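Residues take their numbers from the sequence shown, with the count starting at 1. Since the model is a prediction, treat every value here as computed from it, not as a measurement.
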Amino acid sequence: MKLMKSVPLCLALAFATPLFAQKVEPTHKHVAYGSHKDMKLNFWKIESKEPTPLLVHIHGGGWLGGKKQETTSPSQLSHGYSYASIDYRLAGTELLPAAVHDAARAIQFLRTKAKEWNFDPKRIAVTGGSAGAASSMWLAYHDDMADPKSKDPVLRQSSRVCGAVAMGGQTTLDPFLLEKKIGLACIKHGMIWKTVGASSHEQLMKDWDKYKALSIECSPLTHVTKDDPPVWIRYGKPAPVPVIKGDGIHHAGFGRLLKAKCEKVGIQCHLSVTGHEQPEMNSADFLKQIFAK
């Protein structure tokens, strides 16, 4: 069997198994990127003479649950870029903005490892589903959080990424905008109110002045500007509007709000909605494009 130069022998052998059944352990496992016990990441290194791009996975779970990937498939590592998956503080441990700030710190930490782990610090993209998608989009749009004067060498690094692939992500936590554009069902989900410290969606809206600043700060839509990188976002079904019951938290309306904002400022947002909107490229081609030197 002819082996691909960019793929380690163990991965090439794994390709011979049916449906890529084997799982690949991380090259570096449970690496701490911060002081809290939940701030850990796994990293899979691709063998390459040249620094590779890096795709960083952020798990979903409404910022209330979920965990990082402990293994991955050989197919994930066959594209020519290294891969990482992170844990972060959930809202049951610490409310927002902990989850998104941890994701930013993970990117900053990874940049300190770029030379050692042989990836290009200028070609880091993020991906995830649901809350992982929300964090990915937040990173794509948020201003650089680097502090050149920080005593912490990690915080001196850039938090910016070159793009994001996001599935079923929430683009805003604003309950009034969501009620108007999508419907009551998505507001009832704990991701909208529990993660900012409210006791219910009713209390969130009643005491909006108390929660507004945090909710708006943690909304990807807030931070969209013309100097931001491209994103590719996908929603599995074009649920009706308004949504009274059901899975409103993954509604395509989130993506349509983001698409409209991106078009207004003049940046790329590739929106895929099953049975409706179809982007000009798939997610694999999108990653190839943003990772191209």
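In this structure, His142 and Trp138 have tilted ring planes: the angle between them lies in the 30° to 60° band. Aromatic ring orientation, Trp117 versus Phe109: perpendicular (interplanar angle above 60°, classes split at 30° and 60°).
Using a distance-only test at 3.5 Å, with no hydrogens or angles considered, no donor-acceptor pair links the side chain of Arg123 to the main chain of Cys162. In this structure a side-chain-to-backbone donor-acceptor pair under 3.5 Å is missing from Ser130 to Gly168. Using modelled atom types, no side-chain atom of Tyr81 and backbone atom of Ile124 make a donor-acceptor pair closer than 3.5 Å. In this structure a side-chain-to-backbone donor-acceptor pair under 3.5 Å is missing from Asp38 to Leu90.
The side-chain heavy atoms of Arg156 and Thr112, taken from C-beta on, include no pair separated by under 4.5 Å. Here the side chains of Gln170 and His250 are in contact, with some heavy-atom distance below 4.5 Å. Looking only at side-chain heavy atoms (C-beta outward), Asp174 and Lys212 stay at 4.5 Å or farther from each other. Taking 4.5 Å as the limit, every side-chain heavy atom of Leu41 sits out of range of all side-chain heavy atoms of Val56.
There is a side-chain donor-acceptor pair under 3.5 Å between Tyr211 and Gln203.
Of all heavy-atom pairs spanning Gly128 and Ala133, the tightest one is O-CB, 3.3 Å. Contact between Lys40 and Lys37 at its shortest, heavy atoms only, is CG-O, 3.4 Å. Closest of all the heavy-atom pairs between Leu54 and Phe291 is O-CZ, 3.6 Å. Residues Ala252 and Lys237 come closest through the heavy atom pair CB-O, 4.0 Å. When all heavy atoms of Ala131 and Gly62 are compared, the pair lying nearest together is CB-N, 3.5 Å. Here the closest heavy-atom approach between residue Asn42 and residue His30 is recorded as OD1-N, 2.8 Å.
Here Arg256 pairs with Glu277 in a salt bridge; the nearest charged N to carboxylate O distance falls below 4.0 Å. A salt bridge does not link Asp207 with Lys210: every distance from a Lys NZ or Arg NE/NH1/NH2 to an Asp or Glu carboxylate oxygen is 4.0 Å or more.
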Atom pairs and distances, donor-acceptor, side-chain atoms in residues 218-233, under 3.5 Å, two or more places apart:
{"unit_1": "Ser219", "atom_1": "OG", "unit_2": "Leu173", "atom_2": "N", "d": "2.8"}
{"unit_1": "Ser219", "atom_1": "OG", "unit_2": "Ser215", "atom_2": "O", "d": "2.7"}
{"unit_1": "Thr222", "atom_1": "OG1", "unit_2": "Ile216", "atom_2": "O", "d": "2.6"}
{"unit_1": "Thr222", "atom_1": "OG1", "unit_2": "Ser219", "atom_2": "O", "d": "3.3"}
{"unit_1": "His223", "atom_1": "NE2", "unit_2": "Glu217", "atom_2": "O", "d": "2.7"}
{"unit_1": "Thr225", "atom_1": "OG1", "unit_2": "Asp227", "atom_2": "OD1", "d": "2.6"}
{"unit_1": "Thr225", "atom_1": "OG1", "unit_2": "Asp228", "atom_2": "OD2", "d": "3.2"}
{"unit_1": "Asp228", "atom_1": "OD1", "unit_2": "Arg160", "atom_2": "NH1", "d": "3.3"}
{"unit_1": "Asp228", "atom_1": "OD1", "unit_2": "Arg160", "atom_2": "NH2", "d": "3.0"}
{"unit_1": "Asp228", "atom_1": "OD2", "unit_2": "Thr225", "atom_2": "N", "d": "2.7"}
{"unit_1": "Trp232", "atom_1": "NE1", "unit_2": "Met281", "atom_2": "O", "d": "2.9"}

- Assess whether side chain to side chain contact (heavy atoms under 4.5 Å, CB included) is satisfied between Ile86 and Lys68, documenting all intermediate values. CA-CA 5 Å; Ile86 72 167; Lys68 69 182 185 303; 5.6 Å; no

- Message: Between Val24 and Gln76, does the side chain to side chain contact (heavy atoms under 4.5 Å, CB included) criterion hold? Intermediate values first, please.
- Response: CA-CA 10 Å; Val24 182; Gln76 175 61 63; over 6 Å; no

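Listed by first and then second residue, the side chain to side chain donor-acceptor pair (under 3.5 Å) pairs involving residues 53-62 are His57-Ser85, His59-Tyr88 (not counting sequence neighbours).
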